[in-house]
Amino acid sequence: MTQLLEGLNPAQREAVEHVDGPLLILAGPGSGKTRVVTHRIAHLLSLGVPAWQILALTFTNKAAAEMRQRVERLAPGQRVWVSTFHRFGAKMLRQYADRVGLDPNYTIYDAGDARQTLKRVVESLKIPVMGYTPDRIAAAISKAKNRLIGPEEYKPRSGNPLSEIVAAVYPAYQQRLLASSAVDFDDLLLHIARLLHDDTELRKQLDERFRYVMVDEYQDTNRAQYVLLRALSVDYPNLAATGDPDQSIYGWRGADLNNILEFEQDYPGVKVVRLEQNYRSTPAILSVADTLIAHNKRRKPKSLFTENPDGLPVRLVTYADGDDEARSVAMAMEEAVKSGRRRWSDFAVFYRVNALSRTVERVFRKRQIPFQMVRGQEFYQRREIKDVLAYCQLMNNPKDDLAFERTVNSPPRGIGSKTVGRLADYAYRHGVSLLDAARDAPQVEGVTKRTAMLVGKFVALVDTLDAYAAGPAEEAVGAVLEHSGYRKHYGDSDSEEDLNRLANIEELLTDARQFDEAMAEEEDAEANLEAYLERTWLVNETDGWDDDTDKVTLMTLHAAKGLEFPVVFLLAVEDGILPHERSAADPTQLEEERRLAFVGITRAEQELQLSHALRRDYRGQRRIAIPSSFLMELPTGVMEVAQTAPTDELGLAPDELIGDWGDAPSEEVYRHEPAEPVAAPTPTATPTVGTAAALLGSGGLAAPRVSPDAFKVGMAVEHPELGVGKVLTLSGNGKGRRAAVVFPEHGEKRFVLAFSPLRPAGRP
DNA sequence: CCTCCATCGATTTTT
DNA sequence: TCGATGGAGG
């Protein structure tokens, strides 16, 4: 018990020792949040709380696994239920499936499956979509589900064409899911939340069972999750939520920032603990993060601090273009590794959009820098894998029409979309599944004798496979591989691609075997096909991201949440990319973009480099890139602003070029100057003057700008292109200070001084 | 029914 | 730029 509290700071200890009643842990980045939660669980156990009364919920499998492991270390052998929200929902739904009109062996559709289903529904309803893609409609339905709005309750808003379409499609979509005994990801939460909401008895029962509930990343909860947690915390309001409003980056997925902002109103008598000491980053990095996020309005102000020793200043670098950026980053890493200062795995490269990884990837490959890219989903998303799994799904749940459609003609066996369409008609009219319709193929209108025979063979195949449905996963997958004809189909082919596919399927076989073996070791784990399928649905490959191998990590900012690296490079901090153009117009979304930058910055332990380029090739177009407005919000005191020697336009002497153009030296940037003393972070300062804005002109030049305050009405000023002019008026303050200037040849022009290359005439 | 090419469109994506 | 998607032809 005392060891549990050892090494904790007072705030952490306070949280750990809290037992009954609601608890809100506002945990800044790197403040030891997971430590607190796991220690608190161990503490509860040490007080004699039975493990089965404790439930800990996370968003990712990775987080759940880590938490489980750490609890195990603190309290060996105690079986605390640590799970993702979705897995928890899935488990509950298995138990109460009939209550919502599902079979217990229901299928979980991933985003792709859900989209496919939606497409079918839209087609069959024949309603005009007015140019809305299935994705848009799916997103709208998802949003409704996240907000706990069921198909019956959804009301279109007049004047909103998308909502009219959704109102028509949503009920049919939901009906089709039910008919297939399937759910989408959102349903896993929706069904359970509604069940708890509607059934008082059940709610009471589960509230009592789960006396102590813990939630991680509470800032990312949506309405459904909120209701679920609320329902489990009425009679026993021992809900402990951890989170950080500043790290909420899933608003677009339905996360409701109000959940955390209003926690104190929702749970009267709540104890609030703030974890503000950061154990991860240098003062400079923390200062940059803190100053940036202070520009957000919707937040709970907090003062982050660290006792970590000073490190290098945060670097802000301007590159000529994306290639230059990637190459320079690569060279910096090479240099650090070669000198023995760093390992490859010390580095991470973050970017706002996946498309930006391409350049980096290419450069890294060429220079043979070992790296791993974290892309969401991968393995289970591959066509051949999905196909094989679809057979398993159909074995497990014969009503699964989507699995039927996927499998019926794969590998090709002469049953085309026409035939499936006829079967679907028949199925619809008789209210049966596609598989049952297939059983009646000879009676189905428009299906020829020959086709009926082919369909019959498929049905026979499914029946053969049925024998494996209850057995171990490996046998099921193996049976599919043999009987479906995939092995022959891919094995006989001499195309490289097909052989690769076969290899992937073999890999799936291995995966299934490993699952079986792992399950055999667990005490009460169910080692069957259904359990395996559930894992393939709810576990993605990102969870298998490897932090042991010595490789550079490349990922999006979203993927970076929850991780930390000694050295972080954040690329393309440019207008339209970060903040993303689609978010720029809406202040709420803009704040989320700022939080995204905050998350990225706070991943860095020792070194951080933010960069932007003057030109960016993006979507096949070359565009002039403007530095992100976020850069103007950063403190200069702890930063070092640099610029590479952009190959041509800055007039670099040819003899300074090493090899081809592709290898322009950039030591200018990476000459690690002795760490200049770094100022202590200024927690809630709202910087206006003296920010990086002063150092970054609109042209992205590193030359120091003139302070906006240096200008006076009537003053003669000089502009590099417009020549000399006279200041007519001045308005605003700080970085928002504007001037109107009249030029003899160009007339009157307006400038935002912090962003303009304007300077008093006669100065260099 | 399958395969090949034009056309379009394009954040982020814990589950 | 690249990929997914759909229409035409074999």
Side-chain angles (χ1 to χ4, degrees), chain A residues 57-65 83-90 108-115 119 131 133-136 138-139 142 145-146 183-190 216-217 219-222 224-225 247-255 322 350-356 358-359 362 374-378 380-381 383 409-420 451 454 534-543 545 555-563 572 576-584 589 592-593 595-597 599-600 616-623:
Chain A
L57 295 173
T58 66
F59 279 84
T60 67
N61 292 299
K62 192 176 164 61
S83 163
T84 63
F85 271 102
H86 291 264
R87 248 150 123 70
F88 174 77
I108 301 171
Y109 284 174
D110 68 19
D113 295 337
R115 205 179 110 263
K119 255 175 92 175
T133 61
D135 287 303
R136 286 288 301 280
S142 174
K145 286 187 173 183
N146 287 159
V183 299
D184 59 25
F185 283 142
D186 300 320
D187 284 339
L188 290 173
L189 305 173
L190 178 84
D216 198 20
E217 310 276 19
Q219 77 279 356
D220 286 330
T221 51
N222 60 34
Q225 285 154 336
Q247 292 185 63
S248 165
I249 55 175
Y250 284 99
W252 53 277
R253 285 283 277 104
F350 300 156
Y351 32 80
R352 173 66 238 262
V353 292
N354 279 122
L356 291 171
R358 210 177 286 281
T359 315
R362 203 182 51 234
V374 178
R375 275 165 293 159
Q377 336 154 320
E378 247 294 273
Y380 294 124
Q381 283 296 74
R383 238 246 324 256
N409 197 36
S410 171
R413 49 174 76 89
I415 307 170
S417 58
K418 270 271 168 52
T419 307
V420 175
T451 310
L454 292 170
E534 186 172 303
R535 203 195 58 146
T536 68
W537 294 325
L538 296 179
V539 176
N540 72 52
E541 212 189 11
T542 312
D543 300 318
W545 170 71
M555 56 170 68
T556 63
L557 285 168
H558 282 91
K561 196 173 74 165
L563 304 175
I577 293 179
L578 181 67
H580 195 272
E581 53 190 343
R582 306 262 275 240
S583 304
Q589 289 185 58
E592 181 152 313
E593 295 286 313
R595 291 195 292 267
L596 204 43
V599 166
R616 175 83 48 192
D617 292 330
Y618 188 50
R619 289 193 193 155
Q621 303 224 22
R622 169 159 298 187
R623 288 200 263 168

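Sequence lines set the chain letters: A, B, ... in the order given, protein chains first and strands last, and positions in each chain run from 1. Here the structure is a predicted model, which is why all the values come from computation and not from measurement.
A sub-4.0 Å separation between OP1 or OP2 of B/dT14 and a side-chain N or O of A/N61 is absent. Distances shown here put a side-chain N or O of A/N409 below 4.0 Å from the OP1 or OP2 atom of B/dC2. Contact annotation: A/N222 side-chain N/O to B/dT14 OP1/OP2 distance is not under 4.0 Å. Not one side-chain nitrogen or oxygen of A/T556 sits closer than 4.0 Å to the OP1 or OP2 atom of B/dT11. For the pair A/K119 and C/dA4, the criterion of a side-chain N or O lying under 4.0 Å from OP1 or OP2 is not met.
For A/R115, whose side chain is taken as the heavy atoms from C-beta onward, the closest listed nucleotide among B/dT14, C/dT5, B/dT15 is C/dT5. Side-chain atoms of A/R253 lie closest to B/dT14 of the nucleotides B/dC2, C/dC2, B/dT14. When distances run from any side-chain atom of A/Q589 to the nucleotides C/dG3, B/dT11, B/dT14, the shortest one goes to B/dT11.
The CG atom of A/L356 sits 11.0 Å away from atom OG1 of A/T556, with the distance rounded to the nearest 0.5 Å.
Aromatic pair A/W252/A/H580: centroids not less than 6.0 angstrom apart.
Under the stacking definition used here (centres under 5.5 Å, planes under 30°), the residue A/W252 qualifies as stacked on the base of B/dT12.
Projected onto DNA chain B by closest heavy-atom contact, A/K418 and A/R582 fall at different nucleotides, the more 5' of which corresponds to A/K418. Across the interface with DNA chain B, nearest-nucleotide mapping of A/A355 and A/R413 shows A/R413 to be the residue nearer the 5′ end.
Nucleotides B/dT14 and C/dG3, compared at atom C1', are 25 Å apart to the nearest Å.
A pairwise comparison of heavy atoms in A/I249 and A/E592 identifies O-OE2, 3.1 Å as the closest pair.
Evaluation of atom-type donor-acceptor distances gives a pair under 3.5 Å for the side chain of A/R352 against the base of B/dT12.
Counting any heavy atom pair closer than 4.0 Å across all strands shown, A/T133 reaches no nucleic acid atom.
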